[in-house]
Amino acid sequence: MIKTFKKGGVHPPENKISRNAALEQLVPEGIIQIFISQHIGAPAECIVAKGDKVKVGQLIAKANGFVSANVHSSVSGTVLGIENVADYQGIKKPAICIQVEGDEWDENIDRSPEINRDLSKTSEEILAKITEAGLVGLGGATFPTHVKLSIPKGKTAKAIIINGAECEPYLTSDHRVMLEKGEELLIGVQLLKKVVNVDKAYIGIETNKQDAIDNLKKLAANYSGIEIVSLKPKYPQGGEKQLIKSITGLEVPDRALPIETGCIVSNICTTLAVYEAVQKNKPLFENSVTITGKNLNVQKNFIVRVGTPLTQLINAIGGMPENTGKVISGGPMMGRAINNLNAPTLKGSGAVLFITKEESKRGTKSNCIRCSKCVAACPIGLLPFLLYKLAERNMLEDLKENSVHACIECGCCLYTCPANLPLVDYIRLGKTRAMKLIVKQK
Amino acid sequence: MNKLIISPSPHIHGEFSTKRLMRDVIIALLPALCVSFYFFGLGAMTVVCVAVISCVVFEYLIQKFLLKTTPTVNDYSAIVTGLILAFNLPSNFPLWLVVVGSLIAIGVGKMVFGGLGNNPFNPALVGRVFLLIARPVEMTTWPLPINMITADATTGATPLAIIKEGLKNGLTIDQIKSQADYTFTYLDSLWGQIGGSLGEVSAIALLLGFAYLLVRKVITWHIPITIFLTVTVFSGTLHLVNPNQFIDPVFHLLTGGMILGAVYMATDYVTSPMTHKGMIVYGTGIGLITIAIRTFGSYPEGLSFAILFMNAMVPLINKYMKPKLFGEIK
């Protein structure tokens with residue numbers, strides 16, 4: 001049976017034009033810059049100094065507290081120091097700069113191509129490995145994985161859900177991982193199950209990736225307790241709440257964490273990183289990144305080292321096309337526009353998308369015709385047209401009453417709006433302001 | 001280097017635009033328009049042209065010279081208003097009154113509230129009801145469709161009016177049906193060969209447009225289907241109780257612009273509720289009021305009033321019929 005969630009959602013054109021590009025290694029040259037904060041939580045603490053020699057996979061910044069993550073070198077070479085480096089949006093943050101010299105890996109990392117199927121490690125050992133490897137959620141939020149896997153007292157997990165929906169248009173890196181690293185992925189799932197002590201795992205995949213579904217179904221026959229769930233394509237199916245609803249039929253209660261439903265959701269790339277961290281001793285220093293766009297001559301799915309300058313990715317596809325209007329980190333629905341092409345990639349960089357000048361322009365806004373398409377598209381059951389008006393007038397109390405806090409900023413409302421109103425832009429603003437008010441009132 | 005555009009997500013936009021939605025409504029009205037040209041001939045053609053042109057011109061003039069804003073006639077919404085208004089008029093309607101009706105529809109129905117999106121009542125219906133109250137004789141003298149050439153030659157009452165008149169004279173439904181001036185058959189009304197305003201007569205043409213609107217996702221099924229169901233259930237119950245006094249539901253569905261009103265006027269975005277739940281409440285209200293007016297009121301036709309009345313209820317419906325919040329805890 002093909003499942004999906006019922007409330008809201010939109011069907012943007014899939015445009016998965018890079019789906020057939022096999023994963024390729026991209027080894028950086030020159031200078032790379034690794035931010036010491038690549039996750040939600042406290043920035044890591046730098047433990048290397050100028051002039052130090054580092055190897056691939058060596059710890060260079062240590063987690064600072066529980067909600068934080070280790071950062072490892074993605075190259076071998078000499079540390080040039082810590083500098084303030086502009087990120088994708090041009091905001092300067094401290095980063096460790098390393099001059100690349102060769103490609104010498106830390107000797108603890110198992111680089112052999114054999115798959116390590118040994119599942120004898122205890123739950124604590126696995127969690128320790130994940131913490132050590134600096135794993136963060138690679139679906140975009142970059143929340144430290146070990147924190148997510150530490151279940152709050154009094155709650156019990158019932159199932160692990162792996163997010164293979166990849167519902168954003170254009171993105172294909174998860175798809176390639178499911179095709180090329182299927183077995184590693186399934187071992188990663190088994191490890192996750194062990195950590196949170198559950199017997200059941202679901203991998204939800206949209207049917208526009210039938211080859212991935214078939215591949216994983218075949219492989220999952222050898223592993224107990226993993227069910228591959230076919231999902232009907234619909235954005236935002238990859239949203240945590242929507243995915244849990246699609247697969248289990250349970251709704252995460254308003255203002256609560258997903259653990260209330262007994263589900264823990266993990267991304268495909270994160271799950272692969274769990275396998276690599278636990279079975280291969282490989283910390284998180286590279287990630288698969290889709291490089292795509294209708295105006296590109298080549299479509300690529302690269303495995304990119306963290307800290308590689310974007311310019312190197314762009315050079316690898318033969319330069320940026322003339323008519324590029326926008327470069328986006330992530331998918332077209334929720335990704336962020338990049339304005340600094342010299343910025344280094346992050347752990348959570350999943351895609352670089354090029355959009356032509358013509359497509360980059362937003363339509364002129366006109367009067368709201370109250371067609372209620374935004375209401376029908378909202379997967380949370382909000383009234384975007386109303387929240388927009390309230391946010392425009394800064395009516396924070398009313399925003400609060402109309403549950404602005406629940407907005408997941410998926411953009412379905414703006415996507416569907418015939419009057420081109422900047423709905424989610426204003427709602428995002430109103431939400432930020434209303435949340436401040438809520439915090440103040442408490 | 002190339003200057004990059006920075007904006008918040010989403011970076012792509014769907015296929016909908018106000019223009020496209022309005023264009024689709026116009027396309028959906030085309031079959032019924034052709035039928036009315038066929039049955040009512042030149043009269044229908046001139047009424048439609050005059051209504052559409054005056055609506056567009058009035059909207060342009062008001063925006064340009066009174067409101068001093070950029071005219072938005074290129075969103076096609078004035079054309080839709082003109083078409084719907086014309087569809088509600090008899091094909092032999094005096095043309096100067098068509099112009100007056102258009103002025104009321106656009107001026108009073110739409111522009112005084114701030115233009116498209118801000119009007120509480122369906123503009124075309126405001127125009128129609130104004131004309132109905134101001135010029136009841138012209139508004140209820142319907143040419144009977146014969147064919148292109150001899151159209152406009154004879155006039156007669158609509159089936160609803162005949163039934164109303166007959167019941168008032170103490171006749172039973174069967175007696176009325178056997179009268180000489182009652183030539184109405186269900187088959188005729190499917191194609192449109194009945195007396196009535198120029199766009200309401202052909203059930204098939206209107207339903208064809210309904211299907212198109214559904215396929216193009218311009219409207220959802222909620223409002224029209226709820227109206228049809230309510231009308232069927234309410235008038236069906238009355239009919240079962242006393243078939244001599246109350247005519248059957250099929251008659252109600254096929255006459256008096258029921259399909260035109262339910263599909264094209266009640267579903268007007270601006271004046272209908274925002275949630276599916278609300279649409280069902282709204283549709284039920286329209287169905288109940290229409291049948292109540294038709295069977296117990298003094299007017300033979302009640303759909304226009306029912307829609308306008310429920311238009312007024314929309315803000316209230318929107319206030320109480322909010323969608324269920326994802327994961328809402330009661």
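Hydrogens, waters and symmetry mates are skipped; everything else that's a heavy atom, side chains included, is used. Chain A is the first sequence line, chain B the second, and so forth, proteins listed ahead of strands; every chain is numbered from 1. Predicted model, so just to flag it, every value in this text is computed and none were measured.
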### Task
Carefully, step by step, assess Ile355(A) and Ile5(B) under the rule side-chain contact (heavy atoms from CB on, under 4.5 Å).
CA-CA 10 Å; Ile355(A) 293 206; Ile5(B) 298 170; over 6 Å; no
## Note on the structure
When the 4.5 angstrom heavy-atom criterion is applied to Pro253(A) and chain B, the contacting part is both
### Summary
Given Gly331(A), Pro418(A), Gly363(A), the one with more heavy-atom pairs under 4.5 angstrom with chain B than any other is Pro418(A)
### Query
For Gly117(B), does its backbone N or O pair with a side-chain atom of Asn367(A) as donor and acceptor, under 3.5 Å?
no
### Query
Ile338(A) and Leu4(B): which non-hydrogen atoms are nearest, and at how many Å?
O-CD1, 3.5 Å
### Message
Can you tell me which portion of Asp268(B) sits under 4.5 Å from chain A's heavy atoms? Options are side chain, backbone, both or neither.
### Response
neither
### Query
For atom OH of Tyr426(A), is the number of surrounding heavy atoms from other residues, nucleotides or ligands below 6.0 Å larger than 12?
no
### Task
Give the minimum heavy-atom separation between Pro8(B) and Arg362(A), together with the two atoms involved.
O-NH2, 3.0 Å
### Task
Side chain from CB out, backbone as N, CA, C, O: work out which of these in Val327(A) comes under 4.5 Å of a heavy atom of chain B, or both, or neither.
both
### Query
Is there a side-chain contact between Ser366(A) and Thr72(B) (heavy atoms, below 4.5 Å)?
no
### Task
For atom CZ of Phe113(B), decide whether the heavy atoms of other residues, nucleotides or ligands shown that lie under 6.0 angstrom number more than 12.
yes
### Query
Considering only heavy atoms, which portion of Thr416(A) lies under 4.5 Å from any heavy atom of chain B: side chain, backbone, both, or neither?
both
### Message
Tell me whether the NZ or CZ atom of Lys7(A) lies within the 45° cone about the ring axis of Phe326(B) and under 6.0 Å from its centre.
### Response
no
### Atom group of Leu116(B) that falls short of 4.5 Å from chain A, counting heavy atoms
both
### Task
Give, as side chain, backbone, both or neither, the part of Ile328(A) having an atom under 4.5 angstrom from any heavy atom of chain B.
side chain
### Max heavy-atom pair count under 4.5 Å with chain B, selected residue of Cys417(A), Gly411(A), Cys371(A)
Cys371(A)
#### Entry: Donor-acceptor under 3.5 Å (His13(B) side chain, Leu414(A) main chain)
yes
### Message
Let's go through Ser9(B) and Arg428(A) carefully: what are the C-alpha distance in whole Å and the side-chain angles of both, what is the deciding distance for side chain to side chain donor-acceptor pair (under 3.5 Å) to 0.1 Å, and is it a yes or a no?
### Response
CA-CA 10 Å; Ser9(B) 61; Arg428(A) 204 182 270 131; 3.0 Å; yes
### Task
Take Met274(B) and Arg370(A), measure what side-chain contact (heavy atoms from CB on, under 4.5 Å) needs, and give me the verdict at the end.
CA-CA 7 Å; Met274(B) 298 298 280; Arg370(A) 309 177 67 82; 3.8 Å; yes
### Pick from Gln242(A), Glu409(A), Lys373(A), Lys241(A) with the largest number of heavy-atom pairs that fall under 4.5 Å of chain B
Lys373(A)
### Query
Counting heavy-atom pairs under 4.5 Å to chain B, which of Cys374(A), Gly335(A), Ala256(A), Ser403(A) comes out on top?
Gly335(A)
#### Entry: Residue Ile380(A) versus chain B: region with a heavy atom under 4.5 Å
both
### Task
Assess whether atom CZ of Phe309(B) is packed by more than 12 heavy atoms of other residues, nucleotides or ligands within 6.0 Å.
no
#### Entry: Under 4.5 Å from a heavy atom of chain B, the part of Pro379(A) involved
backbone
### Query
Does Met333(A) offer a backbone N or O that forms a donor-acceptor pair with the side chain of His11(B) under 3.5 Å?
no
### Task
Step by step, work out the side-chain contact (heavy atoms from CB on, under 4.5 Å) result for Lys326(A) and Ser7(B).
CA-CA 9 Å; Lys326(A) 245 188 213 176; Ser7(B) 77; 2.8 Å; yes
### From Ile6(B) atom CD1 to Tyr88(A) atom OH, the distance as rounded to the nearest 0.5 Å
13.0 Å
### Message
Would you say CZ of Arg336(A) has more than 12 non-hydrogen atoms from neighbouring residues, nucleotides or ligands within 6.0 angstrom?
### Response
no
### Task
Using the side-chain contact (heavy atoms from CB on, under 4.5 Å) rule, take Lys322(B) and Asn402(A) through it: C-alpha gap first, then chi angles, then the decisive distance, then the call.
CA-CA 10 Å; Lys322(B) 288 189 177 165; Asn402(A) 283 287; 3.0 Å; yes
### Task
Measure the CZ-CD1 distance between Phe16(B) and Ile369(A) for me, rounded to the nearest 0.5 Å.
10.5 Å
#### Entry: Rounded distance (nearest 0.5 Å) linking atom CD of Glu251(A) with atom CG of Leu325(B)
9.0 Å
### Query
Relative to chain A, which of Pro10(B), Ser77(B), Ser17(B), Pro323(B) shows the most heavy atom pairs under 4.5 Å?
Pro10(B)
### Message
Can you tell me which portion of Ala406(A) sits under 4.5 Å from chain B's heavy atoms? Options are side chain, backbone, both or neither.
### Response
side chain
### Query
Salt bridge or not for Arg255(A) and Glu328(B), using N-O below 4.0 Å?
no
